[in-house]
Amino acid sequence: MERMDSQVEMHRFYDHKQEYWGPVSQEFADAYLVAVYETLQNSLAPLKKSYKRVFSVINELLHNITDYNIKYFQEDFPPSYVSIEDVDGAVVLKFHNKILPSSVSGLARSLNDGAYKEKEEINEMCKNRILKSQSLGLLLLRRRKDIEFKWKLKKSKGTAWLNILITVRYGSISN
Amino acid sequence: MEVLAIEPTAQEPGVTFNHITGEMHLWGKSYSYESADFFEKLRNWVEQYISSPAGTTTFTCNMEYLNSSSQKQLAELIFMLNEIHKKGKELKMIWKYEFGDEDMLFFGELINDGMSVSVRFEEEVE
């Protein structure tokens, strides 16, 4: 990934996978999400509630990347990688984002929000936040048994990357 | 004061807020990055409305999808309506959601926790 030209935007579409490599700005995120919503709605139509769950993951992560880029890179956004792949009854989502080494600990705290907690505890956290007019962020993803969330922070040669892998199983698994 | 009517787009919901009839409808999807700007328009209208609300206010929410930013904005907006109930006027809350949409139901339940009136839940028939 580090070898890819940072000035190039790339969109690749396969039968069951699409990839994007390039900067993630507010404009890109909004346009991309509109296209993805329609694609998911059509492709996962038999599993109606699942397409929204998949979309919510992409939505939240893409906007988080946008927030981060605006805050730390102002207008000179580094390239990010986003892929969506349909694999054997699950949608696998990958996000790779360049980050500043100085922001690693803060990001780790955010990514651990709600981790390893039981659903009822997360529900209570959601309730408290909404009543205080705070965003639920990734909490709603954490309460779902059909979503597996993994992330890794990698440092290399003075740069750092955040790699996120999310698997959303669709089908008969219920909350 | 005027009726607030906004057509839905791919990323922003449709709105019809009528200060004369007290009927308020919000429907569609909300996942724009700048959802705060959209909801500010609605908050400004509601702020004006609650200073002199209709005898009965009925807020019907029928959202297909809300991202976390929009959830926060919507919750703030809806909780403003508690003021109507405090003034002794009637307030009705209707939360409609798609068949099987457990996430939208859950969010509606969070809203219910913050309201001084009970929310009526209506699951749409598949």
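Within every chain, numbering begins at 1; the chains are lettered A, B, ... in the order of the sequence lines, protein sequences first and strands thereafter.
Under the 4.5 Å side-chain criterion, counting only non-hydrogen atoms from C-beta, Y33(B) is in contact with I70(A). Between L140(A) and F107(B), the closest side-chain pair of non-hydrogen atoms is not below 4.5 Å. E34(B) places a side-chain heavy atom less than 4.5 Å from the side chain of Q26(A).
M1(B) and L77(B) fall within a single hydrophobic cluster, where Ile, Leu, Val, Met, Phe, Trp and Tyr side chains are chained together by heavy-atom contacts under 4.5 Å. Residues M63(B) and Y51(A) are members of separate hydrophobic clusters, defined by side-chain heavy-atom contacts under 4.5 angstrom among Ile, Leu, Val, Met, Phe, Trp and Tyr. Cluster membership for L74(B) and W27(B), using ILVMFWY side-chain heavy atoms within less than 4.5 angstrom, is not shared. Under the 4.5 Å side-chain heavy-atom criterion for ILVMFWY residues, a single connected hydrophobic cluster contains both F149(A) and L107(A). Note on L42(B): it does not cluster hydrophobically with I94(B), by side-chain heavy-atom contacts below 4.5 Å among ILVMFWY residues.
Only the side chain of F79(B) comes within contact range of chain A, judged by heavy atoms closer than 4.5 Å. With a 4.5 angstrom heavy-atom cutoff, Q134(A) touches chain B only via backbone atoms.
Annotation: K29(B), atom NZ; neighbour count of heavy atoms from other residues, nucleotides and ligands within 6.0 Å is above 12. Atom CD of E38(A) has 12 or fewer heavy atoms from other residues, nucleotides or ligands within 6.0 Å. Atom NZ of K94(A) sits in a sparse spot, with 12 or fewer heavy atoms from other residues, nucleotides or ligands closer than 6.0 Å. Annotation for K152(A): atom NZ does not count as buried by contact number, only 12 or fewer foreign heavy atoms lying within 6.0 Å.
By the 4.0 Å N-to-carboxylate-O rule, E98(B) lies close enough to K52(A) to be salt-bridged with it. Here R53(A) pairs with D103(B) in a salt bridge; the nearest charged N to carboxylate O distance falls below 4.0 Å. Salt bridge R144(A)/E102(B): absent, no basic N to carboxylate O contact under 4.0 Å.
At a cut-off of 3.5 Å, with distance as the only test, a side-chain donor of Y37(A) or E64(B) sits close to an acceptor on the other residue. Using modelled atom types and a 3.5 Å distance limit, the side chains of N59(A) and Y65(B) yield a donor-acceptor pair.
For the set L139(A), L62(A), T66(A), the count of heavy-atom pairs under 4.5 angstrom toward chain B peaks at T66(A). Ranked by heavy-atom pairs under 4.5 Å with chain A, the first of S32(B), A10(B), G114(B) is S32(B).
Taking NE2 of H63(A) as the reference point, atom OH of Y31(B) lies at 9.0 Å (rounded to 0.5 Å). With rounding to the nearest 0.5 Å, the separation of CD in E12(B) from CG in D30(A) is 8.5 Å. Taking OG of S135(A) as the start and NZ of K72(B) as the end, the distance is 7.5 Å to the nearest 0.5 Å. How far CG of N123(A) is from CG of L110(B): 7.5 Å, rounded to the nearest 0.5 Å.
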- Message: Test side chain to side chain contact (heavy atoms under 4.5 Å, CB included) on L136(A) and Q71(B); report intermediate values, then the result.
- Response: CA-CA 8 Å; L136(A) 299 179; Q71(B) 287 167 352; 3.5 Å; yes
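With hydrogens and angles ignored, the 3.5 Å screen pairs a side-chain donor or acceptor of E60(A) with a backbone N or O of S68(B). Proximity of a side-chain donor or acceptor of N67(B) to a complementary backbone N or O of S56(A) within less than 3.5 Å is not detected.
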